Peer 1: 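Take a look at the following structure, please.
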Amino acid sequence: MFFDKKFIGQKFKEYRKKLHYNQEKVAEKTGIAEKHYGRLERGTCMPTLETFFKIIDVLKIPLSEFGKISNLAEDDNRNNLIREIYLIIKN
C-alpha cells in the first residue's frame, strides 16, 4: 500500500479535511508548491521521502495508515527506523 500513489493521496486528502485545512494551507505549512501538493493528493505523482514526512507531520497522519501492522515489536522497530530516516533528512 505504501507505494500506491492514489492511496497516499487519498490519505493526505482525508486527513487534510479532518483538520479543515485547504490545500494551500498544507502547502504553506510544508513548504511545497500548492500545485505540487494538489498533484500529490490526486495521486498523479509520488512524494519524496522528505515531502512525505513533512506532510504526515503537518496532517498528523500515523504511519500505521500506510501499511498493515503485524506485531508491536516490529512496529516499534519500523517506526524508530523511519523516525531516524526523517531526522537525517531534516538535518
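This one's a predicted model, so the numbers in the text were calculated from it and none came from an experiment.
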Peer 1: Nearest heavy-atom pair of Pro47 and Ile8: which atoms, and what distance?
Peer 2: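 Minimum heavy-atom contact is CG-CG2, 4.4 Å.
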
Peer 1: Does His36 reach the side chain of Cys45, with side-chain heavy atoms less than 4.5 Å apart?
Peer 2: yes

Peer 1: Taking Lys25 first and then Glu28, would you say they form a salt bridge - that is, a charged N and a carboxylate O separated by under 4.0 Å?
Peer 2: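 A salt bridge is absent here (no side-chain N lies under 4.0 Å from a carboxylate O).
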
Peer 1: Val26 versus Phe12: any side-chain heavy-atom pair under 4.5 Å?
Peer 2: no

Peer 1: Would you say Lys18 has more than 12 foreign heavy atoms packed within less than 6.0 Å of its NZ?
Peer 2: yes

Peer 1: How far does NZ of Lys29 sit from CZ of Arg16, to the nearest 0.5 angstrom?
Peer 2: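 Lys29 atom NZ to Arg16 atom CZ measures 14.0 Å (nearest 0.5 Å).
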
Peer 1: Could you check if a side-chain atom of Tyr21 sits within less than 4.5 angstrom of a side-chain atom of Leu59, using non-hydrogen atoms only?
Peer 2: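 SC-SC contact between Tyr21 and Leu59 confirmed.
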
Peer 1: Got a second to check how far Lys35's NZ is from Gln23's CD, nearest 0.5 Å?
Peer 2: 12.5 Å

Peer 1: Look up atom NZ in Lys60 and atom CG in Leu19, then write down how far apart they are to the nearest 0.5 Å.
Peer 2: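 Nearest 0.5 Å value for the NZ-CG distance: 6.0 Å.
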
Peer 1: Looking at every heavy atom in both Arg42 and Lys6, which two are closest together, and how far apart are they?
Peer 2: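 Minimum heavy-atom separation between Arg42 and Lys6: O-NZ, 3.4 Å.
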
Peer 1: I'd like to check Thr51 versus Tyr37 (side-chain heavy atoms, cut-off strictly below 4.5 Å). Are they in contact?
Peer 2: no

Peer 1: Are side-chain heavy atoms of Tyr15 and Ile55 found at a separation under 4.5 Å?
Peer 2: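 A side-chain contact is absent here, since even the closest heavy-atom pair is not under 4.5 Å.
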
Peer 1: Assess whether side-chain contact (heavy atoms from CB on, under 4.5 Å) is satisfied between Leu63 and Phe53, documenting all intermediate values.
Peer 2: CA-CA 9 Å; Leu63 287 172; Phe53 280 115; 4.2 Å; yes

Peer 1: How long is the span from the CG atom in Asn22 to the CD atom in Glu34, to the nearest 0.5 Å?
Peer 2: 7.0 Å

Peer 1: Can you measure from CD1 (Ile32) to CD (Glu50) and round to the nearest 0.5 angstrom?
Peer 2: 10.5 Å

